[in-house]
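Here's the structure we're looking at; comments come further down.
Chain identifiers are assigned alphabetically (A, B, ...) following the order of the sequence lines, protein sequences preceding nucleic acid strands; residue numbering begins at 1 within each chain.
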Amino acid sequence: MRTRLFILVIVAALLAVVGSVGLALADDGGSFNTKLSLAVPSSTPLGQSVRLEARLQDGSGNPIKQGTIVFYISTGFLSGTSGLMPIGSAATNDLGVAVLEHEPRQNGQIEVVARFLGDARHGPSQDVAKISIVGNHQLYEAEAGIHVPFVGKWILVLVLGFIWGTYLFVVSRVLKIATAPPEK
Amino acid sequence: MNEALERLERTVLHPLTHTTMTYRIVVLALAAVAGWGLYAFSIQMRNGLVVTGMRDYILWGLYISNFVFFIGISHAGTLISAILRVTKAEWRVSITRMAEFITVVALTVGGVFPIIDMGRPDRVPSILWFGRFQSPIVWDILAISTYLTGSAIYLFLPLIEDLAICRDKLPKTLSPWRRLFYRVLSVGWRGTDSQKKSLFTAMGIMAILIIPIAVSVHTVVSFIFAMTLRSGWNSTVYGIYFVAGAIFSGIATIIIVMAILRRAFHLEEYITSKQFVYLGYMLGAFVLIMAYFNLLEFLVPGYKNEEGEGFLLQSMLAGKYAWMYWAYIVAGLGIPAFIILNPRTRNVKGLVIASILVNIAMWLERFLVVVPALDVPLLPREAVTYVPTWVEWSIIAGAFAEFSLIIAVFAKLFPVISIWEVKEQMEQKEHVAAEAETSPATTHGFGERAKTSPFGT
């Protein structure tokens with residue numbers, strides 16, 4: 001009788017532990033998953049600021065406060081390297097919304113990525129959106145400096161060439177001294 | 001006349017064959033200090049720039065200050081030798097050789113400092129392989145190597161005749177390698193008309209060419225700073241300001257070297273107080289020019305008082321760099337001006353003291369160009385202080401010792417006075433005196449030799 005009672009207690013305790021762990025896991029599973037939604041205008045004129053709005057929610061659709069959202073634009077660099085370039089970060093407010101103002105410097109379509117990297121209680125998530133930047137000119141200068149017609153590095157090469165050419169001429173005079181025939 | 005010419009050769013060639021105990025001691029002492037500097041550099045090579053006081057904010061210190069200083073004094077040769085040769089200033093004849101020595105040696109010593117400052121000298125070739133024409137550091141390398149080559153050629157050309165004198169007149173007891181040395185370097189000079197024509201053509205070209213090169217070199221050195229977006233360096237006068245400062249310290253250096261070699265080698269007959277006083281007048285003129293630039297450098301930004309400029313001016317005029325700045329003004333401009341203007345102190349001794357002060361002050365001025373501007377914070381941060389370490393001071397001391405050592409060795413290998421030019425001048429004077437005696441009403445100016453010489457003397 002005592003043995004049966006003991007086994008019953010053990011089984012009940014095990015069921016309680018497994019059940020509570022299961023409940024706890026079930027609860028965490030709901031809040032661990034996150035969802036990030038990025039809202040951007042479909043197009044904007046070049047030179048104007050764009051509002052990038054990212055909304056962060058947990059698995060149950062509740063807003064997550066104080067989450068850091070990092071914004072990137074997809075870019076190519078020096079025609080060989082490409083990747084995501086961070087353009088800024090913002091923290092979510094009470095509604096789970098993070099906002100970043102960005103001023104694109106090139107026309108054409110840009111791809112914006114918003115990322116929540118996760119924390120102890122929430123998993124990471126990201127969203128991607130595209131913006132069409134409309135304009136006829138580029139604010140980005142591919143090359144630094146002022147372009148003056150007929151002025152370039154060739155002038156430097158020319159000057160150096162002239163100087164070193166003169167040195168060679170002078171050295172040739174010295175060689176002429178060395179090879180001069182004796183006076184009659 | 002012949003006796004005077006013989007005495008000239010005897011006096012100038014004497015140090016090449018006779019070595020005093022004082023000379024040996026001085027050379028040993030200089031070699032010891034230079035060796036200590038090399039040891040300090042080996043420590044820096046082993047451990048990296050962390051052994052210096054330079055860090056992320058103040059990343060240029062004594063090395064770059066010394067670089068600017070040495071490139072500055074290299075202007076001595078160009079000024080004394082080239083400009084005065086072109087302008088036919090007679091009095092410069094006996095001091096041109098020393099000035100040309102200073103140029104080559106100062107460029108050799110100063111040009112090494114950017115490499116020391118790099119911390120990884122093994123990466124120097126990367127500047128050439130991967131450098132861009134738009135970079136001031138590449139301009140610097142091109143300008144300094146071009147100037148050093150030009151100065152070495154310009155030193156060598158007037159030496160040819162004197163090396164031939166060494167080959168022919170020095171005693172036969174001279175060591176075989178010295179005899180070979182003079183024979184090779186005198187390039188078979190026999191003084192024929194065709195040889196003279198070739199030599200004077202070459203000298204004439206180099207005397208003119210070296211002047212714009214020298215000016216451009218110090219302008220380019222200033223670009224390292226002026227092309228960088230920093231308070232204190234955003235200046236359009238930096239080019240000419242650096243050139244003026246270079247000539248200023250160059251004149252002071254030649255006065256000091258002239259005084260030492262004159263005394264050591266008993267050259268009082270050829271380097272008289274006239275040379276000192278004339279150089280003193282030039283030093284005085286540059287005191288005024290530097291004072292003017294200093295006024296411009298501070299008045300304009302001080303009036304606008306932009307945030308960073310205001311910080312810089314405050315630290316220079318009344319802050320932590322004030323003692324240096326006012327030492328530069330008083331010792332580098334005020335006292336030298338007083339010494340030069342006062343006829344009682346305008347003598348060899350007074351001018352040497354003025355020159356020493358000018359050089360110390362100009363070194364401080366170079367430091368003030370480099371360091372305080374880097375101290376201006378671009379972002380909010382804690383105040384930082386640059387304190388050079390013993391490694392940096394040792395390398396600097398080694399560089400000054402190396403500079404003096406090379407000059408001392410040069411003075412044992414080459415005549416420190418241009419014998420042929422002084423001789424030529426003496427002959428011209430005698431020729432003019434003889435003509436004046438026979439025909440007092442007629443003056444023909446320079447003698448026969450002047451017709452072949454590039455600029456006369």
Exercise for review: Below 4.5 Å from any heavy atom of chain B, which atoms of A/Val159 appear? Answer side chain, backbone, both or neither.
Suggested key: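 Neither part.
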So, taking the atom named [atom1] in [X] and the one named [atom2] in [Y], what distance separates them when rounded to the nearest 0.5 Å?
{"X": "A/Phe169", "Y": "B/Leu209", "atom1": "CZ", "atom2": "CG", "answer": "12.0 Å"}
{"X": "A/Arg173", "Y": "B/Leu157", "atom1": "CZ", "atom2": "CG", "answer": "12.0 Å"}
{"X": "B/Lys197", "Y": "A/Ile177", "atom1": "NZ", "atom2": "CD1", "answer": "12.5 Å"}
{"X": "B/Ile205", "Y": "A/Thr166", "atom1": "CD1", "atom2": "OG1", "answer": "7.5 Å"}
{"X": "A/Lys176", "Y": "B/Thr201", "atom1": "NZ", "atom2": "OG1", "answer": "8.0 Å"}

Practice item. Count the heavy atoms of every other residue, nucleotide or ligand shown that sit under 6.0 Å from CD1 of A/Ile155, and state whether that count exceeds 12. Key: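 Enclosed: over 12 neighbouring heavy atoms sit under 6.0 Å from CD1 of A/Ile155.
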Exercise for review: Look at atom CD of A/Gln66 and say whether more than 12 heavy atoms of other residues, nucleotides or ligands are closer to it than 6.0 Å.
Suggested key: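 Result for CD/A/Gln66: open.
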**Study point:** Side-chain touch B/Trp139/A/Leu156, heavy atoms, less than 4.5 angstrom
**Key:**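 Result yes, sub-4.5 Å side-chain heavy-atom pair found.
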**Study point:** B/Arg190 side chain to A/Ala180 backbone, donor-acceptor under 3.5 Å
**Key:**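 Answer holds: yes.
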Point to revise | Heavy-atom donor-acceptor pair, A/Tyr167 side chain to B/Met206 backbone, under 3.5 Å | key: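 Checked: no pair found.
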Review point. Out of B/Ile210, B/Thr146, B/Thr149, which residue meets the side chain to side chain contact (heavy atoms under 4.5 Å, CB included) rule with A/Ile163?
Key: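 For A/Ile163, the side chain to side chain contact (heavy atoms under 4.5 Å, CB included) test succeeds with only one of B/Ile210, B/Thr146, B/Thr149, which is B/Thr146.
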